[in-house]
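FYI, side chains are in, hydrogens and waters are out, and symmetry mates aren't considered; it's all heavy atoms of this structure.
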Amino acid sequence: MPAPKVIHQPQTQQALQRGFEQLVQAVAPTLGPLPRRAIAQNLDKFELLDDGGLIARRIIAIPDQQADAGLMLLRQALWKMNQTLGDGTATLAVLFQQIYAEGRRFLAAGCDPNRLRAHLLRLLPPLSQRLVKDARQLRSQEELSALAFSLCYDEAMAVSLGEIIYTLGRFGQVDVRAGHSRHLRHNYVEGSYWRGGAQSQEMLRGTTRAIAEMQDAAILISDAEVEEPAELVPVMQLALRGGIKQLLLVVNSISEKGLSVVLDERLREKIRTIVVKLDEFVPADLQQAQSDIALLTGGHPILQAAGETLADARASDFGSARWVWADDKNFGFASGGGAPQDILATVQRLRAAYDESSDDVARARLLGRLGRMNGGLATLYVGGIAQDEIRQRKDLAERATRALRSASVGGVIPGGGVAMLGCRDWLLDEQATGDEELEARAARQIMAKALEAPTRQLLLNAGYDPSEVLAQLTDYETDTGFDVMRGRFVDMAVAGIVDVAQVQVAALQRAVMSAALALTIDVLVLHREPETMTEP
């Protein structure tokens, strides 16, 4: 069992550097169109991985307790990048390593760590603007598919994802599921859906593909937990008086005795009822889903939290939809009776909140709500020969989808590291004017060196000599880069070799902020039994 320790400089920087290097050496080979791969042992099985974020997640701890502190610091940054944007983890890793290594060199030469950090952060806004100054929007399905291929290197998947994002747009609801064949297929469903299916198989009996469907149905939403049949009697009587023939009832739960009312054959001849429950475990998400369904259908939720019961329901509480469906896991509807102006106002508010939020979890929830508000969804079924292959392709499709969403917002920039190399040239030109403060000059030199790192690593992974290729690159135009697949210099935009602008900016920003902070760490406090985190 390791003893508790307090580590000071210079051992602190040395320990952090060891941890950073171990993780970067595992992640960096995945950069580019010709990546190397890693094998991770998971219990009694082995995984073949080519995603930097997933590789980082699989590394739980290393025996060197001092180096492990550095590895965990970088691991968290890589995993958050993976979850937010789906791409760019390898770029972030090599940028981070170069900034930290060069920063250590300047600290040894006498730079103050906090002033150096401040100058590195000051360079971020102009560098970010410079990086995306030539960004262009993707206008066609073909361009989206080409970008998707550069993300997943799976032609069939790229074609499907390009069509889906082009059809649904940035906020479309895309559900990636495991398929039952070797191939990929996708379909579109009009409307919106939620997790939580029919509460009785009897409601699905005799239906096509075990999916119950209703036309021109009424919808009632409640947080009720129905235990006794008498609790449903007032609702059914109200529906019958209103001439309702088809009813979707959304509740928190319902007992077998409660189901006996809606499954009674005499009542089913007069009104067909499907009872579903929302499968949300966080109370705030459950309440939000109830509110969204009410908005889209024009109904009013009956909430116990507001002191209401199903017996208090009125005819005006029922919403409506032209088409309703439910299976054993999900339910949804299309052409709800909600007020269009209210829905539009909510969509605009959600989009503003999504763009302004920096919290990954909050953005994911907002994106899900926006997809349902938009009223269209696509399901991509990912197949394969074995379960491991299906799982890996499913993860790949989800990551590519997140990156394509970002591309549809911020556009794309020349790929292969060319855009970052252009920023390097700008930095060196600026440096020629001279800065009086040592840390300001150091920050520019550090960033100029770091901005070469992604291109160098990409060339190295493809089997080329980075120094030789970069030396030849100076003879070409600004947007020219080296196509490692064809082995020649090309105009990257014309050749369709592009990077997602938002992904590259995020990788640069996170690398600079994380590495600059790491340069200011002077002390490591090591516990006897450090907590092991499976989630970064």
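With rounding to the nearest 0.5 angstrom, the CG atom of L74 is 5.0 Å from the CZ atom of F96. Taking CG of L278 as the reference point, atom CH2 of W194 lies at 8.0 Å (rounded to 0.5 Å). Going from atom CZ of R105 over to atom OH of Y100 covers 14.5 Å, rounded to the nearest 0.5 Å. The NZ atom of K80 lies 14.0 Å from the CZ atom of R75; values are rounded to the nearest 0.5 Å. In this structure, CG in L524 is found 5.0 Å from CG in L16, a value given to the nearest 0.5 Å. The distance from the OG1 atom of T30 to the CG atom of N461 is 7.5 Å, given to the nearest 0.5 Å.
The residues D285 and R365 are annotated as salt-bridged, a charged nitrogen and a carboxylate oxygen being separated by less than 4.0 angstrom. Under a 4.0 Å N-O distance rule, the pair E389/R182 does not qualify as a salt bridge. A salt bridge links R393 to D154: one of the charged nitrogens lies within less than 4.0 Å of a carboxylate oxygen. Taking the charged nitrogens against the carboxylate oxygens, K394 and E398 do have a contact shorter than 4.0 Å, which makes a salt bridge. Taking the charged nitrogens against the carboxylate oxygens, R402 and D87 have no contact shorter than 4.0 Å, which rules out a salt bridge. Comment: R177 engages D175 in a salt bridge, judged by a side-chain N to carboxylate O separation of less than 4.0 angstrom.
The backbone N or O of V505 lies less than 3.5 Å from no partner atom in the side chain of S128, so there is not a single donor-acceptor pair. Between the side chain of T379 and the main chain of H186, no donor-acceptor pair closer than 3.5 Å is present. A donor-acceptor contact shorter than 3.5 Å is absent between the side chain of R115 and the backbone of E439. No donor-acceptor pair closer than 3.5 Å links the side chain of R399 to the backbone N or O of N82. With E102 contributing its side chain and Q98 its backbone, the two residues share no donor-acceptor pair below 3.5 Å. For Q129 (side chain) and L124 (main-chain N/O), no donor-acceptor pair under 3.5 Å exists by modelled atom type. With hydrogens and angles disregarded, a donor-acceptor distance shorter than 3.5 Å links the side chain of T520 to the backbone of L517. Panel note: side chain T401, backbone A397; a donor-acceptor pair is recorded below 3.5 Å.
Heavy atoms only, all atoms of each residue included: A158 and F149 are closest at CB-N, 3.4 Å. Nearest heavy-atom pair across G384 and I390 is N-CG1, 3.4 Å. In this structure, V484 and A462 approach most closely via the heavy-atom pair CB-CB, 3.7 Å. Of all non-hydrogen atoms in A450 and I99, the two that sit nearest each other are CB-CG1, 3.6 Å. Contact between Q137 and S408 at its shortest, heavy atoms only, is OE1-O, 3.6 Å. For the pair I164 and A378, the tightest heavy-atom approach, listed with the atom from each and the gap, is CG2-CB, 3.7 Å.
Each of L92, T91, V418, L459 was evaluated against P454; a single residue qualifies, T91, per the side chain to side chain contact (heavy atoms under 4.5 Å, CB included) test.
In terms of the ring pair (Phe, Tyr, Trp, His ring centres under 6.0 Å) criterion, H119 has no residue partners (sequence neighbours excluded). Legend: residues meeting side-chain hydrogen bond (donor to acceptor under 3.5 Å, both in side chains) with Q17, ordered by chain and number and at least two apart, are E21.
A heavy-atom distance below 4.5 Å is not found between the side chains of M373 and S192.
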Q) D395 and V176: side-chain contact (heavy atoms from CB on, under 4.5 Å), yes or no, with the steps? A) CA-CA 9 Å; D395 291 340; V176 182; over 6 Å; no
Q: Determine, stepwise, if the pair D292 / R372 fulfils side-chain contact (heavy atoms from CB on, under 4.5 Å).
A: CA-CA 9 Å; D292 289 347; R372 296 182 181 101; 5.9 Å; no
Q.
Quick one, S467 with R456, criterion side-chain hydrogen bond (donor to acceptor under 3.5 Å, both in side chains). Give me CA distance, side-chain angles, the key distance, then yes/no.
A. CA-CA 8 Å; S467 297; R456 286 185 174 276; 3.2 Å; yes
Q.
Between L73 and F20, does the side-chain contact (heavy atoms from CB on, under 4.5 Å) criterion hold? Intermediate values first, please.
A. CA-CA 8 Å; L73 178 66; F20 297 151; 4.0 Å; yes
